[in-house]
Trainee: 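Would you mind keeping the following structure in view while I ask a few things?
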Number of protein chains: 2
Amino acid sequence: MEKYKRMLVEKGIKPTFQRIKILEYLEKHHNHPTVDMIYSALYKKVPTLSKTTVYNTLGVLSKHGLVSVLSTLDSEAHYEYNFNSHHHFICKVCHRIIDIDVPCTFRQYVEELGHKVEEVHGNFVGICKDCMEKQYE
Amino acid sequence: MEKYKRMLVEKGIKPTFQRIKILEYLEKHHNHPTVDMIYSALYKKVPTLSKTTVYNTLGVLSKHGLVSVLSTLDSEAHYEYNFNSHHHFICKVCHRIIDIDVPCTFRQYVEELGHKVEEVHGNFVGICKDCMEKQYE
DNA sequence: CTATTAATTTATAATCAATATAAATTAAAT
DNA sequence: ATTTAATTTATATTGATTATAAATTAATAG
């Protein structure tokens with residue numbers, strides 16, 4: 001709790017119970033959750049929680065760079081804790097999102113074109129290893 | 001017209017007037033349009049066109065690999081004609097999507113992890129050159 | 001410690017892109 | 001020319017997100 005409270009205060013965000021719990025959830029679960037997943041998971045521990053608060057909090061956290069919104073083609077937005085820069089593999093079969101730890105090699109090139117790059121989103125879309133293997137069982 | 005008709009027939013898609021016009025629009029306009037943009041542009045020439053048809057057609061075309069859906073954080077989906085593989089720069093200020101002609105260097109690495117890669121989406125998000133220059137005028 | 005003020009949370013309603021449905025139209029094939 | 005199947009269209013519905021306003025909570029001053 002204290003850890004997350006400090007992180008929020010450092011960014012100038014009022015550390016409410018709900019915000020602490022949502023930030024904690026995202027830091028501990030690297031499952032790229034949707035609003036609904038976060039809400040369902042925290043509802044047990046924070047029974048008064050409302051979905052609007054999850055939306056609001058994710059907005060605040062991402063505005064301050066603590067979390068990122070992923071660029072997926074899913075109808076629901078997926079979020080992740082901003083622990084380091086990496087790419088994603090999105091499986092068309094099981095819909096899992098898998099972290100791919102490669103750096104972006106073109107950021108500087110794009111900056112040299114005159115654009116200011118603030119975020120890099122790299123997605124590989126296809127069929128993940130597990131689903132490929134299941135096809136041949 | 002004939003060119004687009006042939007492309008559709010080759011893919012086994014029935015070449016209706018609406019589909020030909022939508023494919024033609026996408027091949028000629030590299031503005032990464034939304035459904036609404038396509039509908040508004042074609043409405044003049046195809047007055048009976050309905051938005052549902054634009055949705056359906058884009059679904060058919062992307063299923064057959066003629067067009068791609070972009071991974072943006074926008075509420076509306078953006079489409080593009082599949083002329084070659086490239087990345088995108090998305091401007092937070094003017095919301096333009098700019099083609100960035102760089103290849104993806106990690107596709108093979110991801111394949112080696114055991115995942116089957118079918119699409120690669122690379123997005124740089126930030127402030128484009130034009131908007132950066134306008135800030136200092 | 002209490003009261004005041006401002007911010008946050010919550011419940012509810014509204015929005016809007018996308019999809020589902022079914023009737024009307026068109027195209028393909030005999 | 002007729003039948004059949006596919007496509008288009010109009011309409012209704014869905015569902016994620018946002019807007020609004022009331023209730024609650026947190027921060028601050030007295």
Side-chain angles (χ1 to χ4, degrees), chain A residues 1-2 4-6 8-25 32-40 42-64 66-79 95, chain B residues 1-2 4-6 8-25 32-40 42-64 66-79 95:
Chain A
M1 289 279 292
E2 270 309 312
Y4 305 104
K5 189 169 177 179
R6 241 180 296 121
L8 291 168
V9 172
E10 264 173 32
K11 293 278 183 182
I13 305 168
K14 199 182 279 188
T16 64
F17 186 66
Q18 291 87 337
R19 286 170 175 173
I20 290 167
K21 283 298 173 193
I22 291 168
L23 181 58
E24 180 183 18
Y25 180 86
H32 313 93
T34 60
V35 163
D36 216 67
M37 288 162 73
I38 297 170
Y39 175 76
S40 303
L42 294 181
Y43 185 71
K44 304 155 198 162
K45 296 172 185 175
V46 193
T48 82
L49 189 66
S50 90
K51 225 178 250 188
T52 310
T53 299
V54 180
Y55 276 104
N56 288 341
T57 299
L58 290 169
V60 171
L61 295 180
S62 70
K63 202 175 71 181
H64 288 83
L66 288 170
V67 310
S68 301
V69 190
L70 305 191
S71 296
T72 70
L73 295 173
D74 201 358
S75 62
E76 291 173 76
H78 290 260
Y79 296 83
H95 301 105
Chain B
M1 288 279 293
E2 270 309 312
Y4 305 105
K5 190 169 176 179
R6 242 181 296 120
L8 292 168
V9 172
E10 263 172 34
K11 294 280 184 181
I13 305 168
K14 199 182 279 187
T16 64
F17 186 67
Q18 292 87 337
R19 286 170 174 171
I20 290 167
K21 281 299 172 191
I22 291 168
L23 181 59
E24 179 182 20
Y25 180 86
H32 313 93
T34 60
V35 163
D36 216 68
M37 286 162 74
I38 297 169
Y39 175 77
S40 303
L42 294 182
Y43 184 71
K44 302 154 200 161
K45 295 172 186 174
V46 192
T48 83
L49 189 65
S50 90
K51 225 179 246 187
T52 309
T53 298
V54 180
Y55 276 105
N56 289 341
T57 298
L58 290 169
V60 171
L61 297 180
S62 69
K63 202 176 70 181
H64 287 83
L66 287 170
V67 310
S68 300
V69 191
L70 306 190
S71 295
T72 69
L73 296 172
D74 201 358
S75 62
E76 291 173 76
H78 290 259
Y79 296 83
H95 301 103

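Numbers restart at 1 for each chain; the letters A, B, ... are given by sequence-line order, proteins then strands.
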Trainee: Mind checking if B/Thr34 touches a base, just sugar-phosphate, or nothing, with heavy atoms under 4.0 Å?
Mentor: nothing
Trainee: Could you tell me whether the side chain of A/Ser62 and the main chain of A/Leu58 form a donor-acceptor pair under 3.5 Å?
Mentor: yes
Trainee: Do A/His78 side-chain atoms and A/His32 backbone N/O form a donor-acceptor pair below 3.5 Å?
Mentor: yes
Trainee: Which residue, B/Pro15 or B/Ala77, contacts DNA chain C at a nucleotide closer to its 5' end, judged by nearest heavy atom?
Mentor: B/Ala77
Trainee: Between D/dT9, D/dT18, C/dT9, which nucleotide has the shortest distance from any of its atoms to the side chain of A/Thr53?
Mentor: C/dT9
Trainee: Measure CG/B/Leu58 against P/C/dT19 and give the value in whole Å, please.
Mentor: 11 Å
Trainee: Nearest-nucleotide wise, let me know which of B/Thr48 and B/Lys14 is further upstream toward the 5' end of DNA chain D.
Mentor: B/Lys14
Trainee: Can you tell which of D/dA6, D/dT9, C/dT9 lies closest to the side chain of A/Asn56?
Mentor: C/dT9
Trainee: From the list D/dT18, D/dT9, D/dT7, which nucleotide is the closest neighbour of the side chain of B/Arg19?
Mentor: D/dT7
Trainee: I want to verify a distance call: between C/dA18, C/dT10, C/dT9, whose nearest atom is closest to the B/Val35 side chain?
Mentor: C/dA18
Trainee: Closest approach to the side chain of A/Ser75, judged atom by atom: which nucleotide of D/dA16, C/dT10, D/dA6 is it?
Mentor: D/dA16
Trainee: Would you mind classifying the nucleic acid contact of A/Thr16 as base, sugar-phosphate or nothing, using non-hydrogen atoms under 4.0 angstrom?
Mentor: sugar-phosphate
